[in-house]
Amino acid sequence: MAKLTVRDLDVKGKRVFLRVDYNVPMEEKDGKMIINDSTRIVETVPTLKLLIEKGGRLILTAHLGRPKGKREASMSLAPVAVKLSELLGKPVKFVDDCIGEKVESAVAAMKDGEVTLLENVRYYNEEEANDPGFAEKLAKVADVYVNDAFGAAHRAHASTEGVARIVTRRGGKAAAGLLMERELKFLGDELENPARPFVVILGGAKVSDKIKVIDRLLEKADTILIGGAMAYTFKLAHGVKTGKSLIEPDHKGTALAAEAKAKTLKVNFQLPTDTIIATPVDTGKLNKKGKPVYDLTNIRTVSGDIPDDAEGFSIGPETAANYAGIISSAKTVLWNGPMGMFEDARFAAGTNAVAQAVVDATQKNGAKSIIGGGDSVKALNKAGLGDKVTFMSTGGGASLEFLEGAVLPGVAALSEK
Ligand code: ADP
Ligand code: MG
């Protein structure tokens, strides 16, 4: 999959329509919207600098939140323009619309190397509908199309797909930005022919969320390590009692089929041998969402059945040690899905042990370590290990779909090299 990238582009004097992911968390303070975490803006800077150096005229488009086709002041990208200007050390012009006369005249006044950010593209319902007329309006200011928003590439929206198609139909180029290029390299190319042993760690809440990924990776991996709540459906399928744990009884067959496939393909497929459980006790209180609040009492480790009144929250220490040993000799590691409810420190040890093993494999064994999935990335950052792996996807849902082997519309629309 060799997609054209910004490195290959000649953009001198051209209007570069650049789709970025500026969907940053914001909070209202004294009537003003403040950006809580600028990571996504910071991450686009290398792509922007490269295009600025090459003399392009950058027109940035992004979405923020879910304004559902209305002009929601709290979802304006105006604060992002201020932050971006700081990061680039140069002015960033903000236009309070993404189509129409205002945009066209602002762009007409641009010089080479200048940057303009357009207002939230989701102020129009036509964006998510991938309305062809709307895409044409966006594309009015596009000579070249660049997509650096991998996290939005699994959706065929006007700014992620429609504009790219229009630009290429006119004979222009549509290319991946540097962030997108890295996502395609690590989640795509690197996993096509991975250095072996290739160990895949899969966790998270549900088998049904991950079964397509399991199915595809069974064809590539040497070992698959299962953790998180997902493991309980496998256990249930083997007749082990799972108490109040998160399970999907309808997916027992799915779980058994995956194990059977692993056997046929001679993949070392491992389930946890111990589990950290707790007994939930109703406090009689309700949380903000109106759901009952439970105290998790009597936290302990079991290796077999989970008692009827108890719930599993993580892999146990024996499993963590076993998994860490296997991971340490890997040459490629792919990790998607935490090993337990890591958000609660009492159940984070298993996830943290696996995170440390992935880091050790990377640093001591020269393994390539690739982390996909929003919560997995959070878990690694929470453990303070985010910068010690080879690659962490920015994609969330998009990375999961990509790992399933799906063709992402935002990627498919880019020009081939
Ligand atoms: P990712 O976003 O990395 O793909 P998922 O969304 O599939 O991961 O799963 C992450 C969520 O699964 C976390 O919020 C975590 O608390 C939850 N989880 C993992 N194990 C358990 C468990 N044993 N019981 C309850 N929740 C769990
Ligand atoms: Mg998640």
Side-chain angles (χ1 to χ4, degrees), residues 23 150-151 154 183 186-187 200-214 216-217 224-236 240-248 251 254-255 271-280 287 289 291 293-294 296 299-303 306-307 310-317 319-320 323 333-355 358 369-383 385-386 389 391-404 406:
N23 192 20
F150 181 73
H154 57 321
E183 297 278 353
F186 284 106
L187 298 179
V200 175
I201 312 154
L202 292 172
K206 293 178 175 175
V207 174
S208 57
D209 281 349
K210 303 287 163 84
I211 188 59
K212 284 191 195 149
V213 175
I214 299 176
R216 174 155 178 270
L217 290 170
I224 295 192
L225 307 173
I226 300 286
M230 180 164 77
Y232 308 134
T233 300
F234 284 90
K235 293 287 184 180
L236 190 69
V240 176
K241 289 195 170 149
T242 53
K244 295 187 162 164
S245 307
L246 197 58
I247 46 164
E248 293 176 285
H251 282 280
T254 317
L271 295 175
T273 52
D274 61 347
T275 307
I276 299 184
I277 63 169
T279 305
N287 69 11
K289 288 180 183 162
K291 294 220 172 108
V293 177
Y294 292 93
L296 299 177
I299 296 172
R300 58 212 190 270
T301 304
V302 294
S303 52
I306 298 176
E311 181 172 351
F313 288 105
S314 175
I315 59 169
T319 307
Y323 285 7
V333 182
L334 173 69
W335 184 11
N336 172 269
M339 298 288 99
M341 200 173 74
F342 72 95
E343 296 92 339
D344 183 327
R346 296 172 295 176
F347 307 109
T351 297
N352 289 348
V354 163
V358 172
S369 50
I370 300 164
I371 320 296
D375 292 295
S376 314
V377 167
K378 269 187 215 152
L380 215 73
N381 282 330
K382 204 164 179 216
L385 300 172
V389 293
F391 178 72
M392 285 207 297
S393 175
T394 58
S399 56
L400 202 63
E401 285 194 29
F402 197 59
L403 289 172
E404 286 171 0

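Counting convention: from 1, in listed order, for ligands and their atoms alike.
- Each protein N/O/S atom under 2.8 Å from the Mg ion (ligand 2) was counted, for a total of 1.
- Minimum interatomic distance between Ile371 and Ser376 (heavy atoms only, all atoms of both residues): CG2-CB, 3.9 Å.
- Residues Gly312 and Thr275 share a closest heavy-atom pair of CA-CG2, 4.0 Å.
- Atoms of ligand 1 lying under 4.0 Å from at least one heavy atom of Gly337, given by number and element, are 3 (O), 8 (O).
- A donor-acceptor distance shorter than 3.5 angstrom exists from the side chain of Thr319 to the backbone of Asp274, with no hydrogens or angles considered.
- Short contacts between ligand 1 and Pro338, defined as distances under 4.0 Å to a heavy atom of the residue, involve ligand atoms 3 (O), 8 (O), 9 (O), 10 (C).
- Which parts of ligand 1 touch Tyr232 is read off a 4.0 Å heavy-atom cut-off, strictly below it: atoms 23 (N).
- Atom 9 (O) of ligand 1 has Gly204 CA, 3.2 Å as its closest protein atom, hydrogens excluded (heavy atom only).
- In this structure, a donor-acceptor pair under 3.5 Å is present between the side chains of Thr279 and Arg300.
- Residue contacts with ligand 1: Phe347 is excluded, as none of its non-hydrogen atoms falls under 4.0 Å.
- In the model, Glu248 has a side-chain atom that pairs as donor or acceptor with a side-chain atom of Ser208 under 3.5 Å.
- Across Ile247, Thr254, Val207, a single residue satisfies side-chain contact (heavy atoms from CB on, under 4.5 Å) together with Phe234, and that is Val207.
- Residue-to-ligand polar distances place Ala229 within reach of ligand 1: an N/O pair is separated by less than 3.5 Å.
- For ligand 1, the atoms lying closer than 4.0 Å to a non-hydrogen atom of Ser376 are 1 (P), 3 (O).
- Annotation for ligand 1: atoms under 4.0 Å from non-hydrogen atoms of Ala205 are 7 (O), 9 (O), 12 (O).
- For the ring-ring contact (aromatic ring centres under 6.0 Å, His included) with Phe313, the lone residue among Tyr232, Tyr294, Phe347 that qualifies is Phe347.
- Polar contact with ligand 1: present for Glu343 (N/O pair, distance under 3.5 Å).
- Scanning the protein for heavy atoms near atom 6 (O) of ligand 1, the closest one is Asp375 OD2, 3.0 Å.
- Smallest separation of non-hydrogen atoms from Gly373 and Asn336: CA-ND2, 3.6 Å.
- The minimum heavy-atom distance linking Ala310 with Ile277 is given by the pair CB-CD1, 3.8 Å.
- Within the structure, ligand 1 has Lys210 among the residues with a heavy atom less than 4.0 angstrom away.
- Lys210 places a side-chain N or O within 3.5 Å of a backbone atom of Gly203 that can act as its donor or acceptor partner.
- Side chains of Ser393 and Glu183: a donor-acceptor N/O pair is present below 3.5 angstrom, by distance only.
- Scanning both residues, Ala383 and Asn352, for their nearest heavy atoms gives CB-OD1, 3.6 Å.
- Numbered from 1 in the order shown, with element, the atoms of ligand 1 that lie under 4.0 Å from a heavy atom of Met341 read 16 (O), 19 (C), 20 (N), 21 (C).
- Each of the following atoms of ligand 1 lies closer than 4.0 Å to a heavy atom of Gly228: 20 (N).
- Atom 24 (N) of ligand 1 has as its closest protein heavy atom Gly312 O, 3.6 Å.
- The side chain of Asn336, and not its backbone, has at least one atom closer than 4.0 Å to an atom of ligand 1 (non-hydrogen atoms only; side chain from C-beta on).
- Looking at every heavy atom in both residues, Arg346 comes nearest to Ile299 through CD-CD1, 3.6 Å.
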